[in-house]
Amino acid sequence: MKWLIMFPLIVMSLFSHAAVERVGIDVEHGQLNFEISMDSQFAGKTLEIGALDNTTPTKLLSSYYYYAIKNDIQALKELHYSGDGTLDHLNEELSDMPDKFEGFSKLSKVSLGRIYIWENYYAVEVVWHTKSEGDYKWTDLVVCDPKCYISYRPYMVSDQFDFFFNILRLSKRYPSVSSPSVFKGAPELCIDKSGCVNPIKVSAKFKKSSSRNNLIEISNTDKVSKNYPKFISLTKMLNESKANSSAFDSYLEKESYTKKLFGCCWLEVNENEQIKLFDMQMLQSKPSLYKVAYNSPMMLFDFFKDVEYVHLHGVLTTDETEYAFTKIKHLNYDSSALQIFTFSRGKDASAWRLTSKPNSSTLNNILNYSDVASYIDRYLSNQ
């Protein structure tokens with residue numbers, strides 16, 4: 001039984017040429033699927049560069065590149081969106097880098113690719129053709145409200161647009177797959193609200209087994225080694241943290257021990273590393289609100305020492321990386337919560353160890369997105 005991660009790209013835009021494209025990757029033990037709106041009618045065409053109105057994304061880009069080539073700063077400012085902070089961001093950039101647009105004078109033409117849509121935001125693939133320096137691929141983000149403007153939301157702190165662009169990156173890497181039926185009744189992910197136009201849909205269908213009852217016996221390393229060999233690094237972290245939680249006479253002694261422990265159980269980690277786990281304190285006050293908290297090795301040591309048990313609910317394996325969907329019970333919190341632990345063998349293909357730098361950081365970021373994690377939690381709880 002295989003998991004199939006699918007990223008079907010469905011055209012559901014205001015554009016007139018509709019088509020359906022689905023892409024995906026094979027992994028183990030079930031399905032995790034995403035659907036996003038996409039328009040391909042302009043793919044491979046040259047953008048008409050000229051001073052047009054901004055009633056559609058492509059017309060807006062025609063004007064944008066027209067004024068960028070001319071380095072007309074005032075006209076360019078009028079094409080940047082003020083409603084999401086983009087115009088303010090542009091003004092700050094121009095104060096530090098007044099020559100921001102001068103390089104566009106080298107453009108000879110701009111080619112269009114596919115257009116991906118989430119609510120009223122349009123991610124437009126383009127290729128910059130230059131007169132002497134070759135071609136460069138780029139993605140412009142346009143927002144239509146109702147007129148269209150350039151948006152810089154991906155360059156500001158935005159979990160939503162990190163997720164959006166990670167979906168786009170992953171979707172381009174894999175061959176076509178089928179079956180839109182898996183999205184019947186699927187939850188719709190929106191940027192800031194529910195019930196939006198052009199949502200991203202998410203759907204899962206994990207292999208039904210006794211996995212929900214797979215209690216990882218933290219203290220029984222022989223059993224873990226036999227049944228869940230990739231979990232040895234996690235169980236060692238938990239056991240060592242419990243056994244040595246009060247064994248240090250000083251902070252420096254504890255720091256030194258933590259470095260050694262992470263060195264044997266964690267790939268490519270140092271004392272300054274910020275490792276992602278879901279914030280259980282946040283979940284305690286707001287169930288299903290999954291927010292990533294960044295933890296130093298010392299902070300994780302203190303967190304692990306109070307973990308009471310770990311239930312394994314599902315495993316996703318791809319690109320030499322394994323994502324373990326677990327529910328953990330922690331001494332300081334009333335209820336168990338989803339945590340995704342990531343394992344890899346690293347470049348030397350040695351024993352599996354915990355990692356904060358999986359081979360597919362794109363997929364890792366998608367799985368850690370709050371709405372996706374919340375959906376997986378609900379799905380696993382209903383199995």
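Computation of the quantities below employed the complete heavy-atom set of this structure, encompassing side-chain atoms and omitting hydrogens, waters and symmetry-equivalent molecules.
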Do [X] and [Y] come within less than 4.5 Å of each other through their side chains, counting heavy atoms only?
X	Y	result
E119	C190	yes
L61	L47	yes
Y116	S37	no
L90	K77	yes
N244	K305	no
V202	I376	no
I115	T58	yes
I49	S62	no

Nearest 0.5 Å, what's the [atom1]-[atom2] distance between [X] and [Y]?
X	Y	atom1	atom2	result
L94	H80	CG	NE2	8.0 Å
S151	N120	OG	CG	9.5 Å
S370	Y375	OG	OH	15.0 Å
N71	K100	CG	NZ	11.5 Å
K131	S108	NZ	OG	7.5 Å
R353	L234	CZ	CG	14.5 Å

Going through the distances and angles, do Y149 and D84 end up as a side chain to side chain donor-acceptor pair (under 3.5 Å)?
CA-CA 11 Å; Y149 300 90; D84 63 1; over 6 Å; no
When the aromatic ring centroids of [X] and [Y] are compared, is their separation below 6.0 Å?
X	Y	result
F231	F343	yes
F248	Y257	yes
H89	Y152	yes

Under the side chain to side chain contact (heavy atoms under 4.5 Å, CB included) test, which residues partner S95, sequence neighbours left out?
none
Would you mind checking if [Y] and [X] are paired as a salt bridge, meaning a charged N to carboxylate O distance below 4.0 Å?
X	Y	value
E133	K106	yes
K109	D135	no
D249	K254	no

Same cluster or not: are [X] and [Y] linked, directly or through other Ile, Leu, Val, Met, Phe, Trp or Tyr residues, by side-chain heavy atoms under 4.5 angstrom apart?
X	Y	value
Y333	M299	no
F104	L52	no
L112	V127	no
I340	V292	yes

Exercise: do N365 and K276 side chains pair donor with acceptor under 3.5 Å:
yes
Could you tell me if D377 and Y290 have a donor-acceptor pair between their side chains, going purely by distance under 3.5 Å?
yes
Verdict with supporting geometry, F164 and L141, side chain to side chain contact (heavy atoms under 4.5 Å, CB included):
CA-CA 11 Å; F164 184 28; L141 187 68; 4.0 Å; yes
What is the minimum heavy-atom distance between [X] and [Y], and which atoms define it?
X	Y	result
D53	T55	OD1-OG1, 2.7 Å
V372	I366	CB-O, 3.6 Å
H330	M280	CB-CE, 4.0 Å
H129	S111	NE2-OG, 2.6 Å
E188	C196	OE1-O, 4.4 Å
T139	Y155	O-OH, 4.2 Å

Parallel, tilted or perpendicular: which describes the rings of W128 and Y65, with under 30° parallel and over 60° perpendicular?
perpendicular
Would you call the rings of F304 and F341 parallel, tilted or perpendicular, taking 30° and 60° as the class edges?
tilted
Show, in sequence, the C-alpha distance, side-chain angles and deciding distance for W118 and F165, and conclude whether the ring pair (Phe, Tyr, Trp, His ring centres under 6.0 Å) test is met.
CA-CA 10 Å; W118 192 18; F165 274 73; 10.0 Å; no
My understanding is that a hydrophobic cluster links ILVMFWY residues whose side chain heavy atoms are under 4.5 Å apart, including indirect links. Using that, what else belongs to the cluster containing M282?
L289
Between Y67 and L79, is the side chain to side chain contact (heavy atoms under 4.5 Å, CB included) condition met? List the steps.
CA-CA 10 Å; Y67 291 119; L79 298 180; 4.0 Å; yes
Apply the test side chain to side chain contact (heavy atoms under 4.5 Å, CB included) to residues R153 and Y121: give CA-CA distance (whole Å), side-chain angles for both, the deciding distance (0.1 Å), then the verdict.
CA-CA 10 Å; R153 277 191 79 164; Y121 282 85; 3.1 Å; yes
Around atom CD of Q281, are there more than 12 heavy atoms of other residues, nucleotides or ligands at under 6.0 Å?
no
When you look at K291 and N368, which way does the side chain to side chain donor-acceptor pair (under 3.5 Å) test go after all the steps?
CA-CA 8 Å; K291 292 293 184 183; N368 280 283; over 6 Å; no
Could you work out, with disulfide bond (SG atoms under 2.5 Å apart) as the rule, every residue matching C265, not counting sequence neighbours?
none
With side chain to side chain contact (heavy atoms under 4.5 Å, CB included) as the test, would you mind laying out the steps for L338 and T326 before giving the verdict?
CA-CA 6 Å; L338 175 74; T326 71; 5.9 Å; no
S241, P297, S256 screened by side chain to side chain contact (heavy atoms under 4.5 Å, CB included) with L261, the one that passes
S241
Determine, step by step, whether Y369 and D159 satisfy the side chain to side chain donor-acceptor pair (under 3.5 Å) criterion, reporting the C-alpha distance in whole Å, the side-chain angles of both residues, the deciding distance to 0.1 Å, and the verdict.
CA-CA 7 Å; Y369 179 57; D159 291 343; over 6 Å; no
If only atom types and distance count, is the side chain of D306 paired as donor or acceptor with the main-chain N or O of L331 below 3.5 Å?
no
